[in-house]
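I have placed the structure first, in the form of structure tokens, so that the comments after it can refer back to it.
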Amino acid sequence: MFRCPARFLVPRFRQNVRRTLPVQRITWLSRTHATVSDSGPAATATNRAEATLKRFWKDVGIEKRGGGYAVTLDGRQLRAPSGKPLVVPPEKRLVAALIASEWENQQTLLKPHALPMTSLASRALDAFEDESTRAEVRAQLLKYFETDTVCYHADSPAVLVKLQEMHWMPIIDWVRTTYGVDIAVSDSFLVPTQSPETIKTFDGVLSKFSSWEMAAMERATYTSKSFLIGLALVKRHIDVDQAAQAAHVEVNSQIERWGEVEDSHDVDYHDMRRQLGSTSCLLADY
């Protein structure tokens, strides 16, 4: 058994603790973050919604359990939102280490945005083992592709045109060559119409993805606002920085023209790389 000292655990509200967050926020947390197992029954949505945002654990550990690696908080195993034990396969040791690190680095208050690996691994193990969920997400991602940011090109200003050519066209060319599909691009306000054959091809590609790849693809697509950027990242054609640069083409063109807005552009810069970086780490097999 391997243990690494740390600090983490998902919170629970004591009944006499004042609730300072709106119900909607608490519900969102309950749906996306792991909880800690105990000797009682699996946590219900109601129980999870009564979680405190204060850290109350002392030690974080990594133990071999259930044929894989489990992250523990004060000896109690983390669980996915459904109550399912959060056990990472043996080949995903890096994922387990990163989840442990996230919880160890939580200080006085729990910061959900600082748990990207925990939420992503929970999504992979909790949701994408179910075929109906996989089919639903595939349909949503393909719908997203129909209005993909990378397929809308402007003809001015010059700095934006340059960045589109530098970061978007290589991805489009790679997709066309790799999958033998046509990618429609628009230089107006009209929505480019993607062919049924192209959509069918991508549906086939997604249907062969593992649960880990589906979770990574979902996050990468929604974070970058592009199906094609997400696909290129998941397939390791581009790295995290290249994906972030492609996702920020329009923002970077504005920065070059008017300058950076403090506490806005810089925050987006790091958040983009945190989210996309988590998808890349999730796919590592070591």
Side-chain angles (χ1 to χ4, degrees), residues 6-8 10-11 21 25 28-29 31-34 53-55 60 71 78 88 92 94-124 141 144 148-150 159-160 162-164 166-168 170-171 212-213 215-284 286:
R7 305 181 164 100
F8 37 90
V10 166
L21 287 180
R25 177 69 180 276
W28 179 81
L29 288 173
R31 291 175 179 171
T32 58
H33 296 290
L53 292 181
K54 291 184 178 180
R55 172 173 178 151
V60 176
V71 174
L78 283 176
V88 177
K92 297 287 184 182
L94 175 63
V95 173
L98 291 173
I99 291 174
S101 178
E102 287 180 347
W103 288 93
E104 172 67 20
N105 285 286
Q106 297 293 308
Q107 300 301 320
T108 304
L109 297 177
L110 179 66
K111 299 177 181 178
H113 70 272
L115 297 169
M117 290 303 301
T118 303
S119 61
L120 198 52
S122 294
R123 182 70 170 157
L141 292 175
Y144 208 90
D148 199 302
T149 300
V150 170
V159 63
L160 178 55
K162 179 189 73 173
L163 291 174
Q164 289 170 171
M166 183 184 303
H167 298 292
W168 288 357
I171 293 175
W212 301 94
E213 289 173 318
M217 181 67 186
E218 182 183 43
R219 173 166 292 180
T221 297
Y222 294 150
T223 298
S224 67
K225 298 180 176 60
S226 169
F227 177 94
L228 298 181
I229 293 175
L231 182 63
L233 180 62
V234 170
K235 286 298 187 179
R236 310 296 178 86
H237 175 66
I238 58 177
D239 60 26
V240 171
D241 187 67
Q242 290 172 317
Q245 292 286 357
H248 269 158
V249 158
E250 293 174 338
V251 171
N252 287 340
S253 72
Q254 295 169 5
I255 292 175
E256 286 198 32
R257 295 176 70 195
W258 298 305
E260 182 177 278
V261 178
E262 190 176 358
D263 291 332
S264 177
H265 290 144
D266 54 340
V267 173
D268 289 344
Y269 176 94
H270 292 291
D271 186 60
M272 176 71 71
R273 282 159 178 76
R274 176 168 53 247
Q275 297 300 330
L276 294 178
S278 67
T279 70
S280 184
C281 290
L282 188 77
L283 298 175
Y286 54 83

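Worth saying up front: this structure is predicted, and the values here are computed from it rather than measured. One is the number of the first residue; the rest follow in order along the sequence.
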Quick one: are [X] and [Y] in side-chain contact, heavy atoms under 4.5 Å?
X	Y	answer
Ser101	Asn105	yes
Leu98	Glu102	no
Gln242	His167	no
Arg236	Leu283	yes
Glu256	Leu163	yes
Tyr286	Lys92	no

Quick one: does any side-chain atom of Ser280 pair with a main-chain N or O of Gly277 as donor and acceptor, under 3.5 Å?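 Checking the backbone N and O of Gly277 against the side chain of Ser280, no donor-acceptor pair under 3.5 Å is found.
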
Under 3.5 Å: donor-acceptor pair, side chain of Asp148, backbone of Ser226: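 The answer is no, because no donor-acceptor pair under 3.5 Å joins these two groups.
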
Which heavy-atom pair separates [X] from [Y] by the least distance, and what is that distance?
X	Y	value
Ala216	Leu120	N-CD1, 4.4 Å
Ala220	Gly230	CB-CA, 3.8 Å
Ala121	Val95	CB-CG1, 4.2 Å
Gln106	Ala114	NE2-CB, 3.5 Å
Trp168	Ala246	NE1-O, 2.8 Å

Distance, nearest 0.5 Å, that separates [atom1] of [X] from [atom2] of [Y]:
X	Y	atom1	atom2	result
Thr279	Met117	OG1	CE	9.0 Å
Ile229	His248	CD1	NE2	10.0 Å
Leu231	Lys235	CG	NZ	7.0 Å
Ser224	Ile171	OG	CD1	8.5 Å
Leu228	Thr149	CG	OG1	9.5 Å
Ser122	Leu115	OG	CG	9.5 Å

Assess Arg273 against Tyr269: is NZ or CZ under 6.0 Å from the centre of the six-membered ring, and within 45 degrees of the ring's axis?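 The answer is yes; both the distance and angle limits are met.
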
For a side-chain contact (heavy atoms from CB on, under 4.5 Å) with Val71, tell me which candidate from Thr118, Val88, Leu78 qualifies.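 Only one option passes, and that is Leu78.
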
What's the verdict on side chain to side chain contact (heavy atoms under 4.5 Å, CB included) for Gln275 and Tyr222, showing C-alpha distance, side-chain angles and the deciding distance? CA-CA 10 Å; Gln275 297 300 330; Tyr222 294 150; over 6 Å; no

Tell me yes or no: between the side chains of Arg219 and Ser119, is some donor less than 3.5 Å from an acceptor?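 Judged by distance alone, the side chains do pair up.
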
